[in-house]
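Below is one structure; the comments refer to it alone.
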Amino acid sequence: MTKNELINLITSLKIDLKYLKKDLQFRMDGNDIEDTKTKYKDDVNGFAKRAGTFEAYAVMDNDTFKRAISSIEKMEKDLEL
């Protein structure tokens, strides 16, 4: 591997990690559990709405985790050279 190829690989991995971190941070910030509980506190159908919201959080998080795992596996493969 040449020096330029190594530099390009490292740069690519840094970019992948940057976007992976942003994606995970976005999901973490979006899951405001306390706000959701407060929002539906006095609603007659509040329990159902909270349950649906938390289910959506879980589905979105699982999708994010799948993308994160896929990105990490790609990075690991790239590092195997």
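Bear in mind that the values here come from a model prediction, so they are computed numbers and not experimental data. The basis for the numbers below is simple: all heavy atoms, side chains too, and nothing from hydrogens, waters or symmetry mates.
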Pair T36-K49, side chain to side chain contact (heavy atoms under 4.5 Å, CB included): steps then yes or no: CA-CA 9 Å; T36 301; K49 291 177 182 177; over 6 Å; no
Side chain to side chain contact (heavy atoms under 4.5 Å, CB included) between E73 and E76, worked out: CA-CA 5 Å; E73 287 171 346; E76 289 173 337; 4.3 Å; yes
Evaluation steps, side chain to side chain contact (heavy atoms under 4.5 Å, CB included), between T64 and F26: CA-CA 10 Å; T64 300; F26 175 77; over 6 Å; no
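Grouping the Ile, Leu, Val, Met, Phe, Trp and Tyr side chains by contacts below 4.5 angstrom, directly or via other members, places L6 with L17. A continuous path of ILVMFWY side-chain contacts below 4.5 Å connects I10 to M1, so both sit in one hydrophobic cluster. Using a 4.5 Å cut-off between side-chain heavy atoms of Ile, Leu, Val, Met, Phe, Trp and Tyr, with links allowed through other members, I7 and I15 fall into different hydrophobic clusters. Tracing side-chain contacts under 4.5 Å through hydrophobic residues (I, L, V, M, F, W, Y), one reaches I72 starting from L9; they form part of the same cluster. A continuous path of Ile, Leu, Val, Met, Phe, Trp and Tyr side chains, each step under 4.5 Å between heavy atoms, connects F65 with M75, placing both in one hydrophobic cluster.
Between the side chain of N45 and the backbone N or O of A48 there is no donor-acceptor pair closer than 3.5 Å. Looking only at distances, no side-chain donor or acceptor of D23 sits under 3.5 Å from a matching main-chain atom of Y19. A donor-acceptor distance shorter than 3.5 angstrom exists from the side chain of R50 to the backbone of Y40, with no hydrogens or angles considered. No donor-acceptor pair under 3.5 Å is formed between the side chain of S12 and the backbone N or O of N8.
Salt bridge K74/D78: present, at least one basic N to carboxylate O contact under 4.0 Å. Between K37 and E34, at least one side-chain nitrogen of the basic residue sits less than 4.0 Å from a carboxylate oxygen of the acidic one, meeting the salt-bridge criterion.
Counting non-hydrogen atoms of neighbouring residues, nucleotides and ligands closer than 6.0 angstrom, the CD atom of E55 reaches no more than 12 such neighbours.
Between the CG atom in D16 and the NZ atom in K21 there is a gap of 15.0 Å [rounded to 0.5 Å].
Listed by chain and residue number, nothing satisfies the side-chain hydrogen bond (donor to acceptor under 3.5 Å, both in side chains) test with T53 (two or more places apart in sequence, or in another chain).
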